[in-house]
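Contents: one structure, followed by commentary.
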Amino acid sequence: MLFTDRVDAGRQLAAGLTHLAGEEVIVLGLPRGGVPVAAQVAEALHAPLDVCLVRKLGVPSHPELGMGAIAEDGTRVLNDRVVRSSRVSTTTLRDIEERERALLTERAHRYRGRRPPPELADRTVLIVDDGIATGSTALAACRTVRARGAARVVLAVPVAPSGWSAGADADELVCLHNPLGFMAVGQFYSDFSQTTDEEVVDCLTRAAARNPTPGPPGGAGPTDEDVDLPVGAVRLRGRLTVPAGADRIVVFAHGSGSSRHSPRNRFVADVLNRAGLGTLLFDLLTETEEQARGNVFDIELLAARLVAVTRDLRERPEARTASVAYFGASTGAAAALWAAADLGERVSAVVSRGGRPDLATPRLPEVTARTLLIVGGDDTSVLSLNEQARTHLRCESELAVVPHAGHLFAEPGTLAAVADLARAWFTADPHHRAPTPAS
């Protein structure tokens with residue numbers, strides 16, 4: 001045995017990383033077992049600690065055998081040899097990937113809450129695990145942090161197979177032991193009991209109290225609060241969440257019969273918050289107004305409410321320097337496009353989930369915001385309506401079809417795919433503009 005447990009392994013590993021002391025390093029542990037090791041390293045280096053969320057793609061008949069890995073940003077690494085030898089079909093691989101992607105999103109929320117992932121641009125990123133077996137998880141981790149702008153990537157582990165070092169996409173690999181006869185990481189630990197989610201959260205909480213992880217640049221502090229939004233004679237209820245430094249706020253326009261409590265929209269909002277985007281979820285109608293079914297399909301009324309709320313939002317201190325984008329679902333998508341036509345360049349982007357853009361057809365040619373229409377592949381009638389509506393748009397637009405998804409995106413992994421598409425659309429907007437004062 002080389003290590004008593006993961007804490008002991010972390011302390012020994014930290015002793016081999018003293019050359020990084022004094023650098024601006026951020027330590028990322030691979031959950032779950034890598035986090036207790038990383039916590040000891042981060043403490044020794046006086047560095048912030050976070051998680052690098054990567055999931056192994058296990059062979060169905062032998063789950064411990066990794067045929068690849070997937071990271072929270074969508075980066076995927078496959079071992080084609082293992083896939084072929086295990087005779088894993090494309091359909092089976094897709095199903096496994098969708099399941100693991102959903103688990104990644106769930107763990108991100110569990111470990112970080114509403115905190116966005118740390119800013120890695122131009123930083124030295126130290127990735128730590130409790131050991132390397134096949135290396136696919138570590139490789140996916142290295143690639144994902146490099147894609148997030150890391151200036152230098154260091155991978156550090158207590159133990160790995162002899163001769164493995166060529167497999168890492170890292171600038172530096174630190175490994176204490178490369179023993180012969182390597183069969184599994186656990187054989188080198190006296191105590192290799194499973195690390196729980198609670199232990200991961202405890203490590204992150206202790207590290208944050210000792211050395212908070214820097215957030216994205218910007219002067220504004222975080223906001224997460226219930227708000228009252230005056231619109232004419234009524235007051236609408238909402239939830240405003242603005243991570244520190246957020247330069248864009250996505251306003252959610254809910255569809256027929258839903259509210260700010262919609263679990264689907266809250267799921268998407270959490271993903272956007274973790275990407276550093278602000279969100280406002282609010283009720284387009286009061287409880288009394290919802291009783292009249294006609295109000296749900298009164299797109300002009302809903303759009304007017306959205307315009308008024310957008311103007312009120314821009315008067316709030318946490319939103320004055322942020323641009324505004326819309327995320328609409330069902331009839332809310334039509335309201336979002338109608339409002340975007342009214343506000344012009346004050347709205348930078350629109351995403352529609354299972355929406356009815358056809359209900360805003362008269363205003364579609366006036367929309368200037370980049371528009372992404374997301375539709376489930378099995379929602380054939382709504383897909384046809386979206387295809388027709390897109391012909392009326394004159395702005396930059398795309399239609400994304402999520403395979404095997406119905407109207408509500410209730411199928412495993414499909415809502416996570418929606419959230420990933422929305423996050424990418426909002427964060428990669430090449431026409432992101434400073435806000436224009438509301439009038």
Side-chain angles (χ1 to χ4, degrees), residues 28-35 50-112 117 127-148 155 167-169 184-185 194-197 199-201 263-264 267-268 270-272 274-275 374 376-377 400 402-405 409-424:
L28 301 182
L30 291 177
R32 289 182 283 195
V35 176
D50 200 76
V51 289
C52 184
L53 289 166
V54 178
R55 289 284 296 179
K56 177 173 66 179
L57 301 175
V59 174
S61 59
H62 188 186
E64 291 303 312
L65 175 61
M67 58 181 171
I70 184 170
E72 65 178 312
D73 70 342
T75 297
R76 186 181 74 169
V77 174
L78 285 182
N79 186 322
D80 293 330
R81 180 184 59 79
V82 175
V83 173
R84 287 194 301 270
S85 64
S86 303
R87 298 181 180 180
V88 178
S89 69
T90 301
T91 300
T92 299
L93 179 60
R94 184 200 66 220
D95 291 343
I96 293 172
E97 183 177 341
E98 288 183 353
R99 183 179 68 244
E100 297 301 331
R101 187 188 298 274
L103 287 171
L104 278 175
T105 302
E106 178 186 335
R107 281 194 172 176
H109 179 67
R110 185 179 304 163
Y111 296 156
R112 295 198 190 102
I127 300 171
V128 176
D129 203 358
D130 55 9
I132 286 175
T134 64
S136 58
T137 302
L139 182 57
C142 291
R143 289 182 177 176
T144 191
V145 300
R146 198 177 294 283
R148 287 166 61 186
L155 173 63
D169 186 16
V185 173
Q194 188 177 42
T195 302
T196 65
D197 285 333
E199 289 177 277
V200 172
V201 172
R264 289 178 292 276
F267 178 92
V268 174
D270 282 343
V271 171
L272 299 183
R274 290 196 296 272
I374 306 175
V402 178
H404 314 292
F409 296 90
E411 299 74 15
T414 57
L415 188 59
V418 169
D420 286 344
L421 286 166
R423 173 187 52 77

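Count residues from 1 along the sequence. Predicted model, so just to flag it, every value in this text is computed and none were measured.
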Enter the distance from Thr144:OG1 to Leu139:CG here, rounded to the nearest 0.5 Å. 11.0 Å

Heavy-atom check, side chain of Leu155 versus side chain of Val128, under 4.5 Å: no

Going from CZ on Phe409 to OG1 on Thr414, what distance comes out if it is rounded to the nearest 0.5 angstrom? 7.0 Å

Rounded to the nearest 0.5 Å, what separation is found between the CG atom of Asp129 and the CG atom of Leu28? 12.0 Å

Close side-chain approach of Val200 to Arg107, heavy-atom, < 4.5 Å: no

Nearest 0.5 Å, please: how far is CD in Glu199 from CZ in Arg32? 9.5 Å

Less than 4.5 Å apart, any side-chain heavy atom of Glu98 and any of Glu411? no

Are any of the side-chain heavy atoms of Thr195 and Asp130 separated by less than 4.5 Å? no

side-chain contact (heavy atoms from CB on, under 4.5 Å), that's the test. Do Ile70 and Val54 meet it? Break it down for me. CA-CA 6 Å; Ile70 184 170; Val54 178; over 6 Å; no

With a 3.5 Å cut-off and no angle check, do the side chains of Tyr111 and Asp50 form a donor-acceptor pair? no

Nearest heavy-atom neighbours spanning Cys52 and Ala141: SG-CB, 3.8 Å

For Ala419 and Phe267, the nearest pair of non-hydrogen atoms, with its separation, is CB-CE2, 4.1 Å

CZ/Arg99 to CG/Leu57 distance, rounded to the nearest 0.5 angstrom? 9.0 Å

Could you tell me whether the side chain of Thr90 reaches within less than 4.5 Å of the side chain of Arg94, counting heavy atoms only? no

Candidate pair Leu421 and Val402, rule side-chain contact (heavy atoms from CB on, under 4.5 Å), full reasoning: CA-CA 10 Å; Leu421 286 166; Val402 178; 4.1 Å; yes

Please give me the minimum heavy-atom distance between Gly131 and Val185, naming the atom from each residue. C-CG2, 3.8 Å

Side-chain contact test, heavy atoms from C-beta onward, threshold under 4.5 Å: evaluate it for Ile127 versus Leu30 and give yes or no. yes

Give me the one residue out of Asp95, Leu93, Thr92 that meets side-chain contact (heavy atoms from CB on, under 4.5 Å) with Pro60. Thr92

Applying side-chain contact (heavy atoms from CB on, under 4.5 Å), run through Leu104 and Glu100 and close with a yes or a no. CA-CA 6 Å; Leu104 278 175; Glu100 297 301 331; 5.7 Å; no

